[in-house]
Amino acid sequence: MILGQQLEHDPSLKKPQRLFFILFGCLFLIAPFYYQPNLGGEGLFLPYNGAIWIVASWIIASASFLIYKNQQIILPKYWLGLALLPIGALVTGFIADKNNPTEWIVRLSVIMGGYLFFLSLFQFQLKSKHIERSLYIILAMGLIAATYGIIQALTGASNLSFLMPVSPNHLPVGIFQQVNLQASFMATFLVLTYYLASRPSLRSFSFIIQATLLIAALGASYNIATSGSRVGLLGAALGLLCLFIGRWKLFRQTKIIFIALIIATLAGGILGKSGLEKTADKVDRAIGGVSADVRWHIYSLSLNIFAQAPLIGHGLGSFQKVFQEERIEYQQQTDSSLRSAPRFSHPHNELIFWLVEGGIVSIIGILAAAIFTLVQLFKAGWQRGWGYSALLLPLVFHTQVELPFYISNTHWFLLLFLLFLTHQHGKKSITTEKLSMAAQRTIPISFATLSIFATITLIQTQIASAGIVSYLQRNQSQPQYLRSSLESAYFREYTTYLLLRRNMLISASKNNKKPAQDYINWAEQSVKVTPAIVTYRDLAIAYDIIGKEEDRDQVLDKALSMFPTHSGLLELQQKLRIKGKNALKAKNVESSSQAQPQASQP
């Protein structure tokens, strides 16, 4: 409320800046908290991701109109070096010959869209105080997210399922539906709280703003502590360490608020101390080495896979396939915790992920963007450089131990805004006057069209997701709910699986084997790209229905060689063995009765 009044009476706010704050508020205060019942997972399976991309597309389109109106494009000093990241991904997609088409399109769209969003922020010509108020908008989002986590930790949010995800285990999963995502966001939120407290402008703000920072520190530290997340705790610790190193002199100038923040942070940690015990146990297991934490096995195996195709990798979207295949031999050679691990779609390390899928070619772009950002941090000066580094650290650290951006696009856009904050110094403008008027008009028209298309498509995606949930909630008895998802390119593969599986199981009781063969035809191709456990399980069932026992056993053995301790596969194997024994016993009884001589007639 106070921030809104300040913005309303700020004479430095022109139309572009007012438009920015409207859109930025939608991006971080409305879109991230859009919720509807969903399947979980990642990408557009989570409803808030679609909502965020809708608003992001509006920001990109608005920036394109500003370029047309001002006849100039404003760029960061190292824009070309940063562009090597999307260029590297694009080149990798074209030169590799084993890409997963759907994954390739989605991945490149996220990267290219992210880079356009990053450049778009510069077109609004924000001044220092505008950027500071943008950070307070993110602070407001953090307060809402922290409240979600507190409610989930204390009550499980079972009575608020219409508003937020339910947490049966009373873990603070937030709107993100994953505890480490909530924890890393809270770590960034906590560092941001201290960063804002270190800014000289805080002295001119009201007591309410200062008190809000204390509440933020309390809520963030409680969420981190009670989550039991190593990612959150280490990210917050590293971020605050960098902040104290670089901005200690500024903290000394505001001793009272600084000490109050420390007390609030410690109080939140004490209130959530039960989670800290879990964190300590996890750290002990991680330090224990390869036999202690499955991540080290994932890293080791992934690097071995990278060595097989070091230059261009195995192709975008190939990780699931090659990792699951290679883990068979690895598990046979080592009695590791990887045997009991689920299917992995990511090695829980972003650099290793790109090494496997894109090879050295793709990693060059990532490293180039990182190097130019480090140069920018160095040139920003001691206080700013350490301050920006502190804000970036929790999210960057999270990318090296998990896959935050594939699950939550909120984290992706937050990182992009923090990179904008880092690269705002030393901007340059390039005139577009040399372009023809037709070319100048093409820019905003094109991006406006793309924004409209993206908005419509993403809304349809949300409808498709809701249809799948409705279908599953009704015991898969009403396939009409799947019509919209079958028409969605994003959900079509999963919807096809649901429909084929349903038809196969229903027809099996009627001795109709054609649906089982239809499932086999689809599943044999699907597991070559995505070796999902449920697909293998149902493929074995399909082969059993049509009487191909040898193929059934081969499929099941292949699945168990990848996932040897999976209870569902082991139960199916046991049922099929019992079924086979009963069938053999019945056959022996029948043969015995046929071989018995008939009684002689009197």
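Sequential numbering from 1 along the given sequence is applied to the chain's residues. In this text, all values refer to a predicted model and were calculated from it rather than measured experimentally.
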Does [atom1] in [X] sit with more than 12 non-hydrogen atoms of other residues, nucleotides or ligands closer than 6.0 Å?
X	atom1	answer
Q480	CD	yes
R474	CZ	yes
N159	CG	no
Q308	CD	yes

Is it the case that the side chain of [X] and the backbone of [Y] share a donor-acceptor pair, with hydrogens and angles ignored and the cut-off at 3.5 Å?
X	Y	answer
S465	T461	no
T530	A532	no
R339	F563	no
N512	A508	no
Q320	V529	no
Q152	V173	yes
N223	A146	yes
S362	G359	yes
S167	L171	yes
Q331	S561	yes

Residues in ring-ring contact (aromatic ring centres under 6.0 Å, His included) contact with H566, at least two apart in sequence or another chain: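 If we apply the ring-ring contact (aromatic ring centres under 6.0 Å, His included) test to H566, skipping adjacent residues, there are no hits.
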
Residues forming a ring-ring contact (aromatic ring centres under 6.0 Å, His included) with F65, sequence neighbours excluded: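 Not a single residue meets the ring-ring contact (aromatic ring centres under 6.0 Å, His included) criterion with F65.
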
Please confirm whether the ring centroid of [X] lies under 6.0 Å from the ring centroid of [Y].
X	Y	value
F20	F124	yes
H346	Y406	yes
F417	F413	no
F118	F122	yes
F420	F117	no
Y148	F33	yes

Please check if any side-chain donor atom of [X] sits under 3.5 Å from a side-chain acceptor atom of [Y], or the reverse.
X	Y	answer
S340	T565	no
Q525	N521	no
Y497	D538	yes
Y299	H348	no
N49	E42	no
Y34	Q36	yes
W58	T455	yes
N180	S229	yes

Verdict with supporting geometry, R343 and F323, side-chain contact (heavy atoms from CB on, under 4.5 Å): CA-CA 9 Å; R343 173 175 62 92; F323 184 87; over 6 Å; no

Please examine the side chains of [Y] and [X], heavy atoms only from C-beta on, and report whether any two atoms are closer than 4.5 Å.
X	Y	value
S485	R492	no
I137	F21	yes
Q554	K558	no
T399	P404	yes
Q460	S488	no
L116	F447	yes
N349	V401	no
Q574	E571	no

Report the distance from atom [atom1] of [X] to atom [atom2] of [Y], rounding to the nearest 0.5 Å.
X	Y	atom1	atom2	answer
M164	I175	CE	CD1	7.5 Å
H297	Y330	NE2	OH	5.0 Å
N503	Y519	CG	OH	12.0 Å
L403	S408	CG	OG	11.0 Å
L560	L556	CG	CG	5.0 Å
I520	I546	CD1	CD1	3.5 Å

Can you see which heavy atom on [X] is nearest to which on [Y], and at what distance?
X	Y	value
Q177	Y35	OE1-CE1, 3.6 Å
A523	T535	CB-CG2, 3.9 Å
W53	G114	CH2-N, 3.9 Å
R295	E402	NH2-CG, 3.5 Å
I468	F491	CD1-CD2, 3.8 Å
L181	S184	O-OG, 3.3 Å

Worked verdict on E357 versus K321 for salt bridge (charged side-chain N to carboxylate O under 4.0 Å, His left out): CA-CA 11 Å; E357 293 201 348; K321 176 181 181 293; over 6 Å; no

Verdict with supporting geometry, T92 and I312, side-chain contact (heavy atoms from CB on, under 4.5 Å): CA-CA 6 Å; T92 300; I312 60 173; 5.7 Å; no

Ring geometry between F45 and Y494 (parallel below 30°, tilted from 30 to 60°, perpendicular above 60°):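 Because their plane-to-plane angle is over 60°, the rings of Y494 and F45 count as perpendicular.
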
side-chain contact (heavy atoms from CB on, under 4.5 Å) assessment of I363 paired with I366: CA-CA 5 Å; I363 211 70; I366 297 175; 4.0 Å; yes

Pair F176-H411, side-chain contact (heavy atoms from CB on, under 4.5 Å): steps then yes or no: CA-CA 10 Å; F176 311 114; H411 289 64; 3.8 Å; yes

R107 to W354, cation-pi by 6.0 Å centre distance and 45° axis angle: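 R107 over W354 ring: yes.
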
